[in-house]
Amino acid sequence: MWSLQPQNMRKKIVAGNWKMNNDWQEANTLTTQVLDLLKDRGIAAEVVIAPPYVHLEKVVSMVSGTNGVSVAAQNCHQESSGAYTGEVSAAMLDSIGVQFVILGHSERREYFKESNELLAQKVNAVFDHGLTPIFCCGEPLSIRESNQQMEYVTHQLTASLFHLEPAQIRQSVIAYEPIWAIGTGKTASAEQAQEMHAGLRQHFEQKFGQEIANNIPILYGGSCKPSNAHELFAGPDVDGGLIGGASLNAEDFVAIVDSL
Ligand code: PEP
């Protein structure tokens, strides 16, 4: 069996965002392989699997009983119920044992026009139902090229999270994902990631104080793979990763988990 780090250290998390990939047979195989590979390893991270909605209940049941492995949804609606055809609420996710919800992924922001204000409502819905948000933030290439990434990303956090109670912020997970690095094969350097993570932590500290800021897990996402994960995760403010493409291969995903 493998175990988590002691409670007093910042939680380390590696989350796999499958996006809109894998039919049920593929999802079943991938989950089985990941669980098999994690078995008997001394892993110091919480592992989160984020399959598409239709597989959530089955994946929850597959991971139940495996210490340190949880399931995330990739999105949810801001209302608990109602006439919102095609949508899924945080209440529904909670009712089937989902623990995390990824919110504000750049693909949701871009293709589904999710604004910082809408995301603030979704964050509230997630907390109303006892779930944990994995809140994504990150700048496009044009902002990075004009060296305004810190202002841009801290604004995303202020607009969507700074209304929360300290107890809620304490429960939150942040994922910094520079848009120019997502699915492009182009990774932020370890220095760029660490610099941003430290800046975000400082931003939380200004509003919520040092103790809370020190305990918020901030994950890096963007073309993270077994060959670069160790270097990226070495930054003292980098607490793990949100993994897209590489989470579709069990060996690559678990190798990334091993890099922490
Ligand atoms: C993501 O979509 O959250 C992500 C980090 O993707 P990739 O790892 O494929 O860049």
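Positions are given from 1 along the sequence. Side chains are part of it too, since the values below use all heavy atoms of this structure and drop only hydrogens, waters and symmetry mates. Read the numbers this way: they start at 1 and go in the same order the structure lists the ligands and their atoms.
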Option from E107, K122, H105, E87 for which side-chain hydrogen bond (donor to acceptor under 3.5 Å, both in side chains) with N75 holds: K122

Qualifying residues under side chain to side chain contact (heavy atoms under 4.5 Å, CB included), relative to T158, sequence neighbours excluded: F162, H203

Which atom pairs, nitrogen or oxygen on both sides, join ligand 1 and the protein at under 3.5 angstrom?
unit_1   : atom_1 : unit_2 : atom_2 : d
ligand 1 : 2 (O)  : K19    : NZ     : 2.5
ligand 1 : 2 (O)  : H105   : NE2    : 2.7
ligand 1 : 3 (O)  : H105   : NE2    : 2.9
ligand 1 : 3 (O)  : E177   : OE1    : 3.1
ligand 1 : 3 (O)  : E177   : OE2    : 2.7
ligand 1 : 8 (O)  : G244   : N      : 2.9
ligand 1 : 9 (O)  : G245   : N      : 2.8
ligand 1 : 10 (O) : G183   : N      : 2.7
ligand 1 : 10 (O) : S223   : N      : 2.7

Set of salt bridge (charged side-chain N to carboxylate O under 4.0 Å, His left out) partners for D36, sequence neighbours left out: K39

Those residues that, when tested against E177, pass salt bridge (charged side-chain N to carboxylate O under 4.0 Å, His left out) (two or more places apart): none

Row check, F112 ring normal vs R108 NZ/CZ: under 6.0 Å, within 45°: yes

Full working for side-chain hydrogen bond (donor to acceptor under 3.5 Å, both in side chains) between E46 and S70: CA-CA 8 Å; E46 170 141 12; S70 316; 2.7 Å; yes

